[in-house]
There are 2 protein chains.
Amino acid sequence: MITKHTDYAIRALCEMARNKQSRELFPVAELAEKLKIPRPFLRKLLQILNNKGVLKSYKGQGGGFKLGRPPQRIFVVDLIRIFQGPFKIDKCVLSKDVCPDVRTCLLRKKVVAIEKHMISELKSITIASLLSMKDKS
Amino acid sequence: MITKHTDYAIRALCEMARNKQSRELFPVAELAEKLKIPRPFLRKLLQILNNKGVLKSYKGQGGGFKLGRPPQRIFVVDLIRIFQGPFKIDKCVLSKDVCPDVRTCLLRKKVVAIEKHMISELKSITIASLLSMKDKS
DNA sequence: CCTGAATGATACCACATTAGTATCATTTGT
DNA sequence: ACAAATGATACTAATGTGGTATCATTCAGG
Ligand code: FES
Ligand code: FES
């Protein structure tokens, strides 16, 4: 359900969010070591997050990545979408023919409803909310 | 969410259930042609269903497969389990370290709850219920 | 202005899972 | 005996995920 791409991204973002009082800029090398994620892999992930606007990057010596917006506004569901593609059950979950009519099929209706429920449940979770759990523990 | 294995199985079972008044026994060749599923592939799937008791097979000339129990008692969720393995989010969805404590983590709680909801929603769908939609349309 | 530390972009490799094929053995009706 | 069917199983192909490698670009600091 959640791949390593998403997993690592969440971890890196949490790490940055937690230390964001003291510093804003984090080079990949440092994060990779602290979180024990393969450096080139994490780098690719952060580059993607940069392209999506979740992070902002600074090149050159002393550069690195910083959060593109406050942790309260970074939603886990968006990270899932970025790394695992959009939730898509637009078209028939089964390949035609089984179903009487795409508009009336029971199975399809259920699946779509389940997906909506899933998304709405996940929607409230942000990097900030994950972090707050961590602090309390 | 639903693989072709499950998809094809559902389709074949629906086809058999729909015609079950007139005949009980269906050879793979016929189903494969009617549903446009590669014959050897469908054959493998039906063999699996036979081993799981969903179908009953008859060898030799004039043989084929028939439903192992009434369509009201063939649940889609069971087919998913047969072809896609058990739903398993037992262990942490993220790999350690992110989470404060496996018992308190918000994300994990949500994911587990979502999965439960999913299963309970799917539980009520049977081959018969899919078919009844089809007839009405 | 040169160098080194950092990201940007992209192509590539390794592995697992899913999808599908091929083959030979066994059963059974005619 | 023969042909039509499944049983079992090994194999191949396509896809997705996880990860590496490389070269180009930017930029701070001496
Ligand atoms: S599952 Fe697609 S129309 Fe029914
Ligand atoms: S997601 Fe596993 S403990 Fe939080």
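Naming: A, B, ... by sequence-line order, numbering from 1 per chain.
Of the candidates C:dT7, C:dT21, C:dT18, the closest approach to any side-chain atom of A:Pro27 belongs to C:dT7.
Under the rule for a side-chain contact (heavy atoms from CB on, under 4.5 Å), the partners of B:Pro71 that lie at least two apart in sequence or sit in another chain are B:Ala17, B:Lys20, B:Leu67, B:Ile127, B:Ala128. In this structure A:Lys66 satisfies the salt bridge (Lys or Arg N to Asp or Glu O under 4.0 Å) test together with A:Glu24, sequence neighbours excluded. A search for salt bridge (Lys or Arg N to Asp or Glu O under 4.0 Å) contacts involving B:Lys123 returns nothing, not counting sequence neighbours. Take B:Glu33 and apply the side-chain contact (heavy atoms from CB on, under 4.5 Å) test, not counting sequence neighbours, and it matches no residue. Residues passing the salt bridge (Lys or Arg N to Asp or Glu O under 4.0 Å) test with B:Arg81 are B:Asp78, sequence neighbours excluded. Listed by chain and number, the residues in a side-chain contact (heavy atoms from CB on, under 4.5 Å) with B:Ile114 are A:Met118, A:Glu121, A:Leu122 (sequence neighbours excluded).
Remark: C1' of C:dT7 and CG of A:Leu31 are 13 Å apart, rounded to the nearest angstrom. Rounded to whole Å, the distance from CZ on A:Phe65 to P on C:dA5 is 17 Å. Between the NZ atom of B:Lys4 and the C1' atom of C:dT17 there is a distance of 15 Å, rounded to whole Å. When the C1' atom of C:dT17 is taken as reference, atom CZ of B:Phe41 falls 12 Å away, rounded to whole Å. The distance between atom CD of A:Gln61 and atom C1' of C:dT3, rounded to the nearest whole Å, is 9 Å.
The side chain of B:His5 places no N or O atom within less than 4.0 Å of a non-bridging phosphate oxygen (OP1 or OP2) of C:dT18.
Each ring pair (Phe, Tyr, Trp, His ring centres under 6.0 Å) pair with one or both residues in residues 10-30 of chain A, not counting sequence neighbours, would appear here, but there are none.
Using a 4.0 Å cut-off on heavy atoms, the residues of residues 43-58 of chain A that approach DNA chain D are A:Arg43, A:Lys44, listed by number.
Nucleotides of DNA chain D lying under 4.0 Å from heavy atoms of chain B occupy a range whose first and last members, 5' to 3', are D:dA4 to D:dA8.
Side chains of A:Gln84 and A:Thr6: a donor on one and an acceptor on the other come within 3.5 Å.
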